[in-house]
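All values below were derived from every heavy atom in this structure, side-chain atoms included, with hydrogens, water molecules and symmetry-related copies excluded. Here is how names work: the chains are called A, B, and so on, in the same order as the sequence lines, proteins then strands, and each is numbered from 1.
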There are 2 protein chains.
Amino acid sequence: MTEQARGLHARVLESLGPAITAGEYPPGSVLRTDELSQEFEVSRSVMREAVRVLESMHLVESRRRVGVTVRPAAEWNVYDPQVIRWRLAGADRPRQLRSLTVLRSAVEPAAAALAARHATAAQCAALTECAIGMVATSRGQQLEGYLRHDIEFHRIILNASGNEMFARLGDVVAEVLTGRTRHQVMFEDPDPAAVTLHVKVAEAVREGDAVRAEELTREITLGALEELDVLAP
Amino acid sequence: MTEQARGLHARVLESLGPAITAGEYPPGSVLRTDELSQEFEVSRSVMREAVRVLESMHLVESRRRVGVTVRPAAEWNVYDPQVIRWRLAGADRPRQLRSLTVLRSAVEPAAAALAARHATAAQCAALTECAIGMVATSRGQQLEGYLRHDIEFHRIILNASGNEMFARLGDVVAEVLTGRTRHQVMFEDPDPAAVTLHVKVAEAVREGDAVRAEELTREITLGALEELDVLAP
DNA sequence: TTCCGCAATAAGTCTGACTTTTAAGTCACA
DNA sequence: TGTGACTTAAAAGTCAGACTTATTGCGGAA
């Protein structure tokens, strides 16, 4: 779905990373590179590169004469898109999905307010187009199409905010929305109220009404949060 | 200040990372590992490990027969604490500081509201202690002490929110506050109004008044934003 | 008991040879 | 002249082995 595993070390990571984030190696566990390289049937150099990457994500710490120790989850770089993907694929998806949605409900309203002030004409047009697309796919089990427009909609808002930190959360939001569609309410059509809200947000941004854009976006994200509460209490 | 350079590859990173984030190698530039390893006087294996880390931060992309190409800034993992530190040390600090402060003003009020609901007695106590510490160091050029309490204060709020994504922004906030103190208003005592606001936030959290905690924290972060506007318009 | 030094251990480093991918150039053929 | 297949070379990728270094923990001496 995202990028292919380029190189042996990447393939090792795709196996070792999820194992760690899933808690298969509890915090404090000690791994040894030689053993790992035998287990995965790769050379030590390849395994060392993989460990370096895990280390840069703060998933593990490598120390001489000790080995590679797994760090407690509280120290992980949980904003790393790869870590997010690994965790969303694991067992504590619900908790992960909830904390990401809470983050969304803090960030997206603020981003929408900024977008209302800074969005270019092209961005307003694209936003409206997305909203229309969402309406068009809101009924009759066209969830894939709806999801695509939904993701694009929120990505445009985040980008149009003009704030780099907001913009870089586009991928996170995409993962959250994808996760929600694929694993939770795959069977029923999206909430009509949410669709209307998106249309109104596009309107508010187009009109430069920051306060209204913020408030409407807050309703969207709070709706997403309530939906989570209903499905996983 | 943070962690020491453990290992050769880390020392290479501390030199190469900032160079890339500073734009010394413009996006699209092609580096070659052999040349780099000669330039930095390390073996290829060490340089390869460094490149792998840069790759995991999405700062570069390594492709066969091409080399290591620098990615455009829009693709960097700007939430990686190491990347944040590198960028704050570079030339576009002001822009970086601003976008981080905007992020703060979106996240911290929400975190404070949650903290008011979920903070433990111990956290409330620690928060009050920090606020007292800030008051005690708010006059007479005790900026180092003030900064320490300020950082701790915001870290407690973010942790007490109970949201993991918020909690992990503690380091980011610490970097921002440190940057502000060290490079901008080192000479003058902190704004008395800000000190008062912190005391009131501690109060509101202690009393479980989410709305007030949120509003007061918003005032703090907006104040920080205005301060930036004054210093770097 | 405490302190110091020794030895074992696992990561760290370097080197050189080899493999694999792939961009780019070349040549023949239509 | 253009297009396709083929060749070449350049750079990353992989591996194996020897060596270095830091660190821990043990055991003996004060």
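With respect to the salt-bridge test (charged N to carboxylate O, under 4.0 angstrom), the residues A:Arg85 and A:Asp80 do not qualify. A salt bridge does not link A:Glu14 to A:Arg11: none of the charged side-chain nitrogens sits closer than 4.0 Å to a carboxylate oxygen. At a threshold of 4.0 Å, the pair A:Arg95-B:Glu164 does not count as salt-bridged, since none of the basic side-chain nitrogens sits closer than that to a carboxylate oxygen. Using a 4.0 Å cut-off between charged nitrogen and carboxylate oxygen, A:Glu39 and A:Arg32 do not count as a salt-bridge pair. Here A:Arg180 pairs with A:Asp150 in a salt bridge; the nearest charged N to carboxylate O distance falls below 4.0 Å.
You'll find the ring centres of A:His154 and A:His198 inside the 6.0 Å limit.
No side-chain donor-acceptor contact under 3.5 Å links B:Thr33 and B:Arg48.
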- prompt: When every nucleotide of nucleotides 7-14 of chain D is labelled 5' to 3' by its protein contacts under 4.0 Å (heavy atoms), B for base, S for sugar-phosphate only, - for none, what sequence of letters results?
  reply: --BBBBBB
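The span of DNA chain C lying next to chain A, judged by atoms under 4.0 Å from heavy atoms, is bounded 5' to 3' by C:dA8 to C:dT22.
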